[in-house]
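Remarks on the structure that follows.
In what follows, every chain begins at residue 1, and chains take the letters A, B, ... in the order their sequences are listed. What you are looking at is a predicted structure, and each value in this text was computed from that prediction instead of being measured.
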Amino acid sequence: MRAAFARPLPGRFYDRPTTEVAVDLLGRMLIRRVPGGFSFARIVETEAYTSGDRANHADRGPTLRNRMMFGPPGTLYVYRIHQVHCMNAVTGHGTAVLLRSAEPGIGLASDPRGPGRLCRALGVGPAENGTSLADGPVRITGAPPPGLVVDRGPRVGISRDVERPFRFAIRGDPWVSSPRPRSRGRARAQRSFAQS
DNA sequence: TCATTGATTTGCT
DNA sequence: GCAAATCAATGAT
């Protein structure tokens with residue numbers, strides 16, 4: 001994992017349309033540096049929060065909570081909801097991808113299925129808010145497998161703009177959180193970004 | 001300053 | 001399947 005941690009996706013990976021990044025993050029490795037080593041998980045489910053999107057925390061402009069969403073692409077945005085934390089990859093001014101679920105890798109503290117559980121499993125909290133996914137303590141690396149099939153559907157747990165199909169998940173993956181997105185509306189994973 | 005709400009999880013029916 | 005937990009950020013007063 002040390003070598004992989006040293007070759008994270010660069011900031012420009014995230015400087016693209018948010019839905020495109022959300023799909024392209026599926027199947028990649030989320031790596032957490034911890035004292036004396038690393039822990040990691042494979043991303044299997046994401047959601048896009050775009051501009052002009054009333055479900056987006058940043059839709060009404062910068063606030064104390066969402067200010068990290070206005071940092072550069074590749075910034076990690078961590079927020080608290082109820083009693084847990086959730087993490088996002090910032091893609092532009094006030095847009096981000098919520099990392100919803102992952103398959104366990106090595107070194108996890110607990111089950112990473114679900115956005116709150118994912119943060120808990122990787123030990124991600126307020127201390128990591130605003131750090132860089134390109135050179136911070138939490139990074140994303142690797143490439144999705146060829147031919148990955150992606151399901152899409154409405155996002156989970158929101159009350160505004162509920163109909164937008166901005167939730168993406170690896171078809172058939174047992175670590176996708178419930179309820180699963182519908183199997184129709186399939187979309188092939190985009191491989192437009194070539195990692196250096 | 002006050003009331004409302006929530007990008008969730010958990011446990012109980 | 002449904003509701004409680006539980007509290008800070010947010011928006012209204």
CZ of A:Arg171 to CG of A:Leu26: how many Å apart, nearest 0.5 Å? 12.5 Å
For DNA chain C, which residues of residues 55-63 of chain A approach it to below 4.0 angstrom with any heavy atom? A:Arg60, A:Thr63
Would you compute the distance between atom CG of A:Leu98 and atom OG1 of A:Thr18 and round it to the nearest 0.5 angstrom? 12.5 Å
Can you pull out every ring-ring contact (aromatic ring centres under 6.0 Å, His included) where at least one residue sits in residues 82-136 of chain A? Sequence neighbours excluded, please. none
Carefully, step by step, assess A:Asp24 and A:Arg28 under the rule salt bridge (Lys or Arg N to Asp or Glu O under 4.0 Å). CA-CA 8 Å; A:Asp24 208 3; A:Arg28 298 188 190 261; 3.0 Å; yes
Ring of A:Tyr49, cation from A:Arg155 - is the NZ or CZ under 6.0 Å from the centre and inside 45° of the axis? yes
Partners meeting side chain to side chain contact (heavy atoms under 4.5 Å, CB included) with A:Ala109 (sequence neighbours left out): none
Within residues 70-81 of chain A, find the residues that approach DNA chain C with a heavy atom at under 4.0 Å, and present them sorted by residue number. A:Arg80
Chain A vs DNA chain B, heavy-atom contacts under 4.0 Å, first-to-last nucleotide span, 5' to 3', is B:dG6 to B:dT10
If you round to the nearest 0.5 Å, how far is CD of A:Glu103 from CG of A:Leu108? 10.0 Å
One should report the stems of DNA chain C, each a stretch of at least three consecutive Watson-Crick or G-U pairs at distances under 3.5 Å, as B:1-6 with C:7-12, B:8-12 with C:1-5
A:Phe168 six-ring face occupied by A:Arg152 cation (under 6.0 Å, within 45°): no
Nt span of DNA chain C in reach of chain A heavy atoms at under 4.0 Å, 5' end first, is C:dA5 to C:dG11
Run through the side-chain heavy atoms of Ile, Leu, Val, Met, Phe, Trp and Tyr, join any pair under 4.5 Å, and report what else lands in A:Leu64's cluster. none
Enumerate the residues from residues 154-163 of chain A whose closest heavy atom to DNA chain B is under 4.0 Å, giving them by residue number; use none for an empty result. A:Val156, A:Gly157, A:Ile158, A:Ser159
Taking the side chain as everything from C-beta on, heavy atoms only, tell me whether A:Ser101 gets closer than 4.5 Å to A:Leu118. no
Hey, what do you get for CZ (A:Arg100) to CG (A:Asn88), rounding to the nearest 0.5 Å? 11.0 Å
Please assess A:Ile140 against A:Ile31 for the test side chain to side chain contact (heavy atoms under 4.5 Å, CB included), listing each intermediate value before the final yes or no. CA-CA 6 Å; A:Ile140 299 174; A:Ile31 308 182; over 6 Å; no
Using the P atom as the reference point in each nucleotide, state the distance between C:dT6 and B:dC2 in Å, no decimals. 23 Å
Supply the atom-to-atom distance A:Asp59 CG to A:Arg54 CZ, rounded to the nearest 0.5 angstrom. 8.0 Å
Member of A:Ile158, A:Thr46, A:Val176 meeting the side chain to side chain contact (heavy atoms under 4.5 Å, CB included) criterion with A:Arg167: A:Val176
Under 6.0 Å from the ring centre and within 45 degrees of the ring axis: does the NZ or CZ of A:Arg12 meet both conditions for the six-membered ring of A:Tyr14? no
Could you give all pairs that pass the side-chain hydrogen bond (donor to acceptor under 3.5 Å, both in side chains) test and reach residues 68-79 of chain A, with sequence neighbours left out? A:His57-A:Tyr77
DNA chain C contacts made by residues 84-123 of chain A, counting heavy atoms under 4.0 Å: none
Working to the nearest 0.5 angstrom, can you tell me the gap between A:Met87 CE and A:Leu133 CG? 9.0 Å
Sort and list the pairs that fulfil side-chain hydrogen bond (donor to acceptor under 3.5 Å, both in side chains) and have at least one residue in residues 104-129 of chain A, not counting sequence neighbours. A:Arg32-A:Glu128
Evaluate side chain to side chain contact (heavy atoms under 4.5 Å, CB included) for A:Asp15 paired with A:Thr91, printing each intermediate quantity in order. CA-CA 5 Å; A:Asp15 191 12; A:Thr91 57; over 6 Å; no
A:Ile170 side chain reached by A:Val150 side chain, heavy atoms, under 4.5 Å: no
